[in-house]
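Working notes, beginning with the structure itself.
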Amino acid sequence: MAKTKTAYFCQNCGTQYAKWVGQCGSCKEWNTVVEEVVQKEDKKSWKTSSSTLQKTSRPLLVKDIANDKEIRLNALDQEFNRVLGGGLVPGSLTLLGGEPGIGKSTLLLQIALKLQYKTLYVSGEESQKQIKMRADRIHPNSDNCFILTETKTQNIFQQIVALEPDLVIIDSIQTLHSDFIESAAGSISQIRECTAELIKFAKESNTPVILVGHITKDGTIAGPKILEHMVDTVLQFEGDRNYVYRILRSLKNRFGSTAELGIYEMQGSGLREVNNPSEVLISKNDQDLSGTAIAATVEGMRPLLIEIQALVSTAVYGTPQRSATGFNAKRLNMLLAVLEKRAGFKLAAKDVFINITGGISIEDPATDLAVIAAILSSNSDIAVEKGLCFAAEVGLAGEIRPVQRIDQRILEAEKLGFQTIYVSKNNKIGLKKTKIQVKLASKIEQLVIELFA
């Protein structure tokens with residue numbers, strides 16, 4: 001019998017140590033290093049047929065390798081398919097992470113209920129009755145979705161062999177445990193072993209598997225970092241639980257681009273796909289309100305028009321407040337300094353609040369010009385004209401800098417009925433004929449004169 005081997009792992013970041021230490025040298029957390037058994041029994045939890053086991057790989061010339069288009073499983077969800085690159089690839093392993101209560105289980109159960117393929121939804125967190133209550137709210141009738149409440153991988157594989165599903169969903173990987181590892185469910189060794197077993201099953205049976213993963217307080221996937229390297233695709237489901245909108249991003253994708261994103265709206269009957277988010281994120285208020293400007297931004301590969309609100313008021317206390325929701329607070333301070341130095345606006349003694357409507361967060365520097373326009377509009381109490389939008393970065397010298405993919409931003413603004421868009425004078429615009437008027441600006445002083453003079 002092989003001697004039982006143990007090692008010490010950090011439960012926060014997964015770093016391995018030869019002996020116990022009080023503080024992890026990688027993540028600097030205290031009392032997170034625990035001893036775990038790493039020697040497993042010489043058994044197989046997923047047994048394949050003899051014909052599969054006899055297959056061996058051999059080297060091929062690049063020119064001899066068939067370049068056939070990969071057949072994908074349609075998830076019947078345009079946003080989910082877009083982020084994956086066209087659908088689920090057979091034999092792939094997808095990891096979906098997100099904050100508690102953000103809607104990960106709802107999204108995957110909704111997909112499983114709509115599919116015409118045989119789907120096995122394995123839950124280690126909820127009972128079958130709990131899932132049934134949610135299913136009745138989302139999609140009452142489904143003849144292809146099977147629910148299994150189990151946490152032991154050996155029992156799960158027995159049901160998979162009997163059912164032979166076309167898609168397996170595991171909710172969540174942190175609740176699974178294998179008999180071949182003597183440690184608690186959710187530990188580093190168990191997560192790594194259970195994921196390895198699922199990868200072997202997916203590759204040998206050519207069945208796509210989707211895993212739900214918990215996240216840490218830092219927003220990263222809980223467990224060892226190697227978990228993200230083992231899977232084929234890593235998706236992040238994010239948003240503010242106080243708002244109805246959710247964003248699905250791709251952090252890693254071996255079968256497609258990581259620049260795509262999907263947007264959903266949380267409703268009582270589940271998650272609704274938002275095919276045109278710009279119309280949702282912009283308010284339909286007909287009144288002229290100061291402190292509001294529209295920015296033409298790009299999230300991933302998708303152009304969006306978002307509404308930026310600003311409020312400038314006299315500081316009540318000695319130190320003025322600077323608050324930003326959905327926008328980088330340090331960048332806001334930089335833009336205020338540029339307005340103070342280059343445009344002559346005295347904002348040092350005033351409170352400035354910035355909010356991006358819809359509860360989404362934007363890091364695109366092309367929102368700079370719209371933020372400045374909203375601040376100046378609130379400060380002078382003069383509303384920005386209807387039909388105006390902005391797409392440019394602002395430099396420290398007050399110059400208006402070009403941004404990438406300006407043609408897509410212009411077309412999106414034109415599609416939504418905007419009459420004028422302000423861009424940098426140095427942008428190379430490839431569009432020849434557009435209904436929208438494109439105004440070129442080089443410095444913020446020019447923008448102030450044209451809008452608020």
Evaluate whether atom [atom1] of [X] has more than 12 neighbouring non-hydrogen atoms of other residues, nucleotides or ligands under 6.0 angstrom away.
| X | atom1 | answer |
| --- | --- | --- |
| I65 | CD1 | yes |
| R401 | CZ | no |
| L289 | CG | yes |

- [ ] Would you please test K114 and H139 for side-chain contact (heavy atoms from CB on, under 4.5 Å) and show each step?
- [x] CA-CA 7 Å; K114 289 193 297 184; H139 194 280; 4.1 Å; yes

For [X] and [Y], test the side chains for any donor-to-acceptor distance below 3.5 angstrom and give the result as yes or no.
| X | Y | result |
| --- | --- | --- |
| E99 | H214 | no |
| N253 | T258 | no |
| Q446 | E450 | yes |
| E125 | S172 | yes |
| T119 | N144 | no |
| N74 | Y117 | no |
| E126 | T149 | no |

TODO: May I have the step-by-step check of side chain to side chain donor-acceptor pair (under 3.5 Å) for S278 and E412, ending in yes or no?
DONE: CA-CA 9 Å; S278 298; E412 180 72 9; 3.0 Å; yes

Any [X] side-chain heavy atom under 4.5 Å of [Y] side chain:
| X | Y | result |
| --- | --- | --- |
| E393 | S424 | no |
| V209 | L211 | yes |
| V231 | T94 | no |
| T195 | L93 | yes |
| R254 | S92 | no |
| I170 | V168 | yes |
| T292 | V384 | no |
| D232 | F255 | yes |

Could you tell me the separation between the [atom1] atom of [X] and the [atom2] atom of [Y], rounded to the nearest 0.5 Å?
| X | Y | atom1 | atom2 | answer |
| --- | --- | --- | --- | --- |
| S361 | E299 | OG | CD | 9.0 Å |
| C10 | I188 | SG | CD1 | 7.0 Å |
| I375 | F345 | CD1 | CZ | 11.0 Å |
| L73 | T207 | CG | OG1 | 10.0 Å |
| E445 | I400 | CD | CD1 | 8.5 Å |
| I173 | T153 | CD1 | OG1 | 9.0 Å |

Looking at every non-hydrogen atom in both residues, tell me the closest pair between [X] and [Y] and how far apart they are.
| X | Y | value |
| --- | --- | --- |
| P208 | P90 | CD-CA, 4.1 Å |
| S26 | Y17 | N-OH, 3.7 Å |
| S377 | S290 | OG-CA, 3.5 Å |
| L95 | E228 | CD2-CG, 4.4 Å |
| L451 | A373 | CD1-CB, 4.5 Å |
| S257 | A259 | OG-N, 3.0 Å |

Open item on the list: salt bridge (Lys or Arg N to Asp or Glu O under 4.0 Å) for R272 and E265? Distances and angles first, verdict last.
Closed with: CA-CA 5 Å; R272 183 183 72 86; E265 181 183 1; 2.6 Å; yes

Examine distances only and state if a side-chain atom of [X] and a backbone atom of [Y] form a donor-acceptor pair shorter than 3.5 Å.
| X | Y | answer |
| --- | --- | --- |
| E414 | K435 | yes |
| E340 | L347 | yes |
| K252 | V234 | no |
| R137 | G268 | yes |
| E273 | Q78 | yes |
| N379 | V312 | no |
| W20 | V33 | yes |
| K425 | A441 | no |
| N427 | I429 | no |
| E35 | Y8 | no |

Test: [X] and [Y] ion pair at under 4.0 Å:
| X | Y | answer |
| --- | --- | --- |
| E363 | R331 | no |
| R246 | E238 | no |
| K428 | D407 | no |
| R82 | E79 | yes |
| E197 | K200 | no |
| R409 | D364 | yes |

Open item on the list: Which residues pass the ring-ring contact (aromatic ring centres under 6.0 Å, His included) test with Y121, not counting sequence neighbours?
Closed with: none

- [ ] Under the side-chain contact (heavy atoms from CB on, under 4.5 Å) rule, what do Q23 and E29 come out as? Steps first, then yes or no, please.
- [x] CA-CA 6 Å; Q23 184 187 31; E29 292 288 333; over 6 Å; no

TODO: Report the relative orientation of the aromatic rings in Y422 and F390; use parallel for angles under 30°, tilted for 30 to 60°, perpendicular for over 60°.
DONE: parallel

Task: Identified side chain to side chain contact (heavy atoms under 4.5 Å, CB included) counterpart of I306 within the set I360, T357, I294 - done: I360

Task: From CA spacing to verdict: side-chain contact (heavy atoms from CB on, under 4.5 Å), L235, L84 - done: CA-CA 9 Å; L235 305 180; L84 289 176; 4.0 Å; yes

Task: Audit row: L120, I169, side-chain contact (heavy atoms from CB on, under 4.5 Å) steps and yes/no - done: CA-CA 6 Å; L120 178 62; I169 298 174; over 6 Å; no

